[in-house]
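Naming: A, B, ... by sequence-line order, numbering from 1 per chain. Worth knowing before you read on, the calculation uses all heavy atoms, side chains too, and leaves out hydrogens, waters and symmetry mates.
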Amino acid sequence: MSDHSAPQADTSDVSGQPAPAAAAAPAVSFDAFGLAPEIRKAIAEQGYTTPTPIQAQAIPVVLSGRDVMGAAQTGTGKTASFSLPILQRLLPLASTSTSPARHPIRALILTPTRELADQVAANVFAYGKYTALRSAVVFGGVDMNPQSEALRRGVEILIATPGRLLDHVQQKTANLGQVQMLVLDEADRMLDMGFLPDLQRILNLLPDSRQTLLFSATFSNEIKRLAGSYLRDPQTIETAVRNSTATNVTQVVYEVNEGDKTGAVVQLIRERGLKQVIVFCNSKIGASRLARQIEKAGIVAAAIHGDRTQSERMQALDAFKRNEIEALVATDVAARGLDIAELPAVINFDLPFNAEDYVHRIGRTGRAGASGDALSLCSPNERKQLADIEKLIKRPLERGTLVVESAPPREERDRPPRRREEGEQHGARRERTRFDDDNGRRRGPDRTRFQPAPIVHDDIFYKPYEPSASTTAPEAAAPEPERKGPKRQVAALLGGLPRKTSGN
DNA sequence: AAAAAAC
């Protein structure tokens with residue numbers, strides 16, 4: 001299916017300063033956990049030898065059967081920290097029998113986004129490949145039938161997003177009555193997204209005698225309340241937060257006018273020769289629009305956000321991982337957890353409203369100890385968000401200056417368009433913008449620092465952006481369900497369960 | 001203020 005990357009055995013969550021608690025964690029080998037040979041073989045095959053701090057701390061606790069309250073983000077090796085002990089604990093129950101009754105769901109892993117579910121599943125598959133344990137992943141936006149078929153045959157480990165899981169429960173294709181281990185991955189994100197009612201319904205279907213592992217980037221009051229209700233005497237595990245003090249990620253902010261942002265993104269990508277970059281936008285429409293605009297400027301791009309079909313999302317992500325596109329323009333659907341090997345840079349086209357999302361976004365780069373650049377654009381009306389971010393990470397961001405290469409001299413820039421030579425018209429920065437008047441002159445304040453943005457006519461009403469990549473992905477064969485927001489809301493009004501609750 | 005997630 002997808003071309004997944006394994007979690008990185010990185011140590012990059014150790015901050016620039018001496019990390020107080022994590023530094024004390026012994027740098028043991030994976031051999032020290034007493035994992036079964038078939039699991040160790042898979043680990044070795046992935047090339048991992050030394051556990052990360054969260055793995056070193058969490059694996060023994062999970063193996064002991066205790067509940068865990070873990071503070072960690074993906075990229076710290078979190079996925080392996082629960083996947084490996086799950087496999088180990090379930091191994092005695094593995095059966096080569098073909099009877100579905102011999103393969104009840106024993107471990108359930110819930111994630112907030114479909115892509116994250118897919119990625120966690122890829123890791124579980126990889127670590128469990130030499131065991132007789134079966135696993136499957138279910139999430140929305142794709143055909144239910146293959147999922148139902150896998151569930152009917154029986155799986156010990158199920159990775160799921162909450163909505164589709166409940167759907168399977170209603171259809172009686174999933175029975176959660178024998179679940180012994182539950183993982184709530186990115187729990188704070190799930191609460192933010194209004195998943196609390198779904199989580200409660202799922203939790204009520206599980207046996208009381210089970211082990212629960214909750215992973216969250218933050219321990220907010222809501223998270224503590226959730227843990228208080230559903231965890232039993234949890235062991236708290238906190239490793240040094242992979243935060244912005246990590247010295248391997250260079251963070252720069254560029255102050256720009258809103259209308260100059262597109263040109264600035266194009267300029268940053270060209271100037272720094274970025275071959276692979278995620279560009280984060282705050283809105284789905286904005287992401288699609290930006291992808292189209294930078295494509296016009298000659299940058300191979302694709303958009304990924306919740307209004308695109310699942311096959312489009314997968315295709316965009318896979319193409320990006322395969323290095324077939326240079327810029328993945330994303331909403332925060334891609335902010336958490338996604339593991340893209342050696343991603344050199346992220347750009348914040350918009351500053352996130354929630355400062356914590358900034359940390360998640362820039363956490364996509366500089367993974368596995370590699371260096372990375374986090375470049376942010378800040379318009380005058382985003383200064384509050386910038387201040388919030390700097391407050392959260394406890395230091396000011398470096399201010400950068402964008403100097404436009406081959407910036408046209410003023411006389412030339414002011415020349416009417418018809419007098420330009422051919423060829424000069426190519427490239428987005430030579431195009432007329434909504435800030436130019438009919439004589440090709442700019443109006444409004446001086447905006448000499450950046451190239452004018454490409455034309456911003458009302459192209460959001462045009463046909464949705466489609467990547468020119470091949471359509472041979474197997475997922476593309478299946479008809480895609482309509483997933484546009486308004487229709488979903490209408491469906492809810494027409495008797496569907498109201499799924500939206502205030503997350504904050 | 002916006003994102004995500006079941007048909």
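Candidate nucleotides B:dA5, B:dA3, B:dA6 were compared by shortest atom distance to the side chain of A:Phe139, and B:dA6 ranks first. Relative to the side chain of A:Phe353, the nucleotides B:dA2, B:dA3, B:dA6 differ in distance, and B:dA2 lies closest.
Residues in residues 144-157 of chain A take part in these salt bridge (charged side-chain N to carboxylate O under 4.0 Å, His left out) pairs, two or more places apart or across chains: A:Glu149-A:Arg152, A:Glu149-A:Arg153.
Computed from coordinates, the A:Ile285 CD1 to B:dA3 C1' distance equals 13 Å when rounded to whole Å. Separating the OH atom of A:Tyr358 from the P atom of B:dA3 is a distance of 21 Å, rounded to the nearest angstrom. Separating the CZ atom of A:Phe349 from the P atom of B:dA2 is a distance of 15 Å, rounded to the nearest angstrom. Rounded to a whole Å, the CE atom of A:Met193 is 5 Å from the P atom of B:dA5. Rounded to whole Å, the distance from CG on A:Leu338 to C1' on B:dA3 is 14 Å. Distance, A:Phe195 CZ to B:dA6 P: 6 Å, rounded to whole Å. Following rounding to the nearest Å, A:Glu382 (CD) and B:dA1 (P) show an atom-to-atom distance of 14 Å. Going from atom CE of A:Met144 over to atom C1' of B:dA5 covers 14 Å, rounded to whole Å.
Between A:Arg361 and A:Asp350 there is no salt bridge, since none of the side-chain N atoms of the basic residue sits less than 4.0 Å from a carboxylate O of the acidic one. Contact check on A:Arg201 versus A:Asp198 returns a salt bridge, with a Lys/Arg side-chain nitrogen under 4.0 Å from an Asp/Glu carboxylate oxygen.
A search for side-chain hydrogen bond (donor to acceptor under 3.5 Å, both in side chains) contacts involving A:Asn354 returns nothing, not counting sequence neighbours.
Backbone-only contact: A:Asn282 has heavy atoms under 4.0 Å from sugar-phosphate atoms and none from a base.
Using a 4.0 Å cut-off, some side-chain N or O of A:Thr161 falls inside it from OP1 or OP2 of B:dA6. Taking side-chain N and O atoms only, A:Arg114 has a distance below 4.0 Å to OP1 or OP2 of B:dA6. Dashed line: the shortest gap from a side-chain N or O of A:Arg201 to OP1 or OP2 of B:dA5 is not under 4.0 Å.
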query = Would A:Glu398 and A:Val253 satisfy side-chain contact (heavy atoms from CB on, under 4.5 Å), going step by step from the backbone distance to the final call?
reply = CA-CA 6 Å; A:Glu398 179 188 334; A:Val253 62; over 6 Å; no

